[in-house]
Amino acid sequence: MQSRLFKVSLAGIALVIASTLALLAVLVQRIGPEQVQYGNLCEPTSSDPCYRPVLKGGFPFAYLFDAPGVSVQGKLSFFEDTLRPEALLLDITVYFVAILLFIAAASRYGSVRKSGATRADA
């Protein structure tokens, strides 16, 4: 029972770390290729929409997109810009799986080392 509780609490900690990493990944910012409308004053007729590549944040999948005309242009903010929750959940999932794989590999390495030390003592 204690082993199961330990594994569940370890998975919970991994989920918290994965969520934190995904939220901090918004600092990985890039521009385009997605385009958004930035107004209508760039064409000769002044009635056609202007499109430019948009600033986006998140890694490996971008989940926060700059919303021109709503927020400060060129700066990402969770309160003003467009959040794509499915991409955020995908980022959290990627980080969670990576952390679990790391824990599993570290656990196997520790058990192999322990069993190797026991054989050497015998």
Side-chain angles (χ1 to χ4, degrees):
M1 181 70 174
Q2 187 177 12
S3 176
R4 176 179 257 174
L5 181 62
F6 177 73
K7 287 180 181 179
V8 169
S9 62
L10 197 59
I13 292 169
L15 183 60
V16 169
I17 293 171
S19 299
T20 303
L21 287 174
L23 291 173
L24 287 174
V26 78
L27 298 174
V28 178
Q29 298 177 359
R30 52 206 178 274
I31 296 176
E34 296 88 354
Q35 295 194 357
V36 293
Q37 184 175 348
Y38 273 85
N40 63 348
L41 298 177
C42 63
E43 297 295 324
T45 63
S46 296
S47 62
D48 295 328
C50 300
Y51 290 97
R52 289 190 214 156
V54 67
L55 176 67
K56 58 187 177 180
F59 183 81
F61 304 101
Y63 60 84
L64 192 63
F65 292 79
D66 195 16
V70 175
S71 68
V72 177
Q73 186 174 338
K75 296 205 182 252
L76 294 175
S77 169
F78 280 100
F79 303 107
E80 298 174 334
D81 293 321
T82 305
L83 176 69
R84 296 191 181 159
E86 63 279 353
L88 177 59
L89 287 174
L90 198 55
D91 275 359
I92 291 171
T93 302
V94 167
Y95 287 115
F96 183 67
V97 168
I99 290 169
L100 289 182
L101 288 174
F102 177 78
I103 290 171
S107 166
R108 287 182 189 242
Y109 177 73
S111 65
V112 167
R113 262 187 85 137
K114 187 184 281 188
S115 67
T118 306
R119 287 187 198 150
D121 292 340

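Starting from 1, each residue takes its place in the sequence as its number.
- A62 approaches A87 most closely through the heavy-atom pair O-CB, 3.4 Å.
- Looking at R84 and K56, their side chains never come closer than 4.5 Å, going by heavy atoms from C-beta outward.
- Placement of L24 and L76 in two distinct hydrophobic clusters is found when ILVMFWY residues are connected by side-chain heavy-atom separations under 4.5 Å, directly or transitively.
- Counting all heavy atoms, side chain and backbone alike, I92 lies closest to L15 at CG2-CD1, 4.1 Å.
- Of all the heavy atoms in G32 and P53, the pair that sits closest is CA-CB, 3.8 Å.
- Across V36 and P68, no two heavy atoms sit closer than the pair CG2-CG, 3.6 Å.
- Transitive grouping of hydrophobic side chains (ILVMFWY, heavy atoms separated by less than 4.5 Å) brings V26 and L55 into a common cluster.
- Using a 4.5 Å cut-off on side-chain heavy atoms (C-beta onward), L64 and L88 make no contact.
- Shortest non-hydrogen contact noted between F96 and A18 is N-CB, 3.4 Å.
- Side-chain heavy atoms closer than 4.5 Å link hydrophobic residues (I, L, V, M, F, W, Y) into clusters, and following such links, possibly through other members, connects F6 to I103.
- Taking each heavy atom of P60 and V94 in turn, the nearest pair found is CG-CG1, 4.1 Å.
- Hydrophobic clustering, with ILVMFWY side chains joined whenever heavy atoms are under 4.5 angstrom apart, keeps F61 apart from V54.
- Tracing side-chain contacts under 4.5 Å through hydrophobic residues (I, L, V, M, F, W, Y), one reaches I99 starting from L10; they form part of the same cluster.
- The shortest distance between side-chain heavy atoms of L23 and F78 falls below 4.5 Å.
- A donor-acceptor pair is defined here as one N or O able to donate and one able to accept, closer than 3.5 Å; such a pair exists between the side chain of T93 and the backbone of L89.
- Of the possible polar contacts, one joining the D81 side chain to the A67 backbone as a donor-acceptor pair under 3.5 Å is found.
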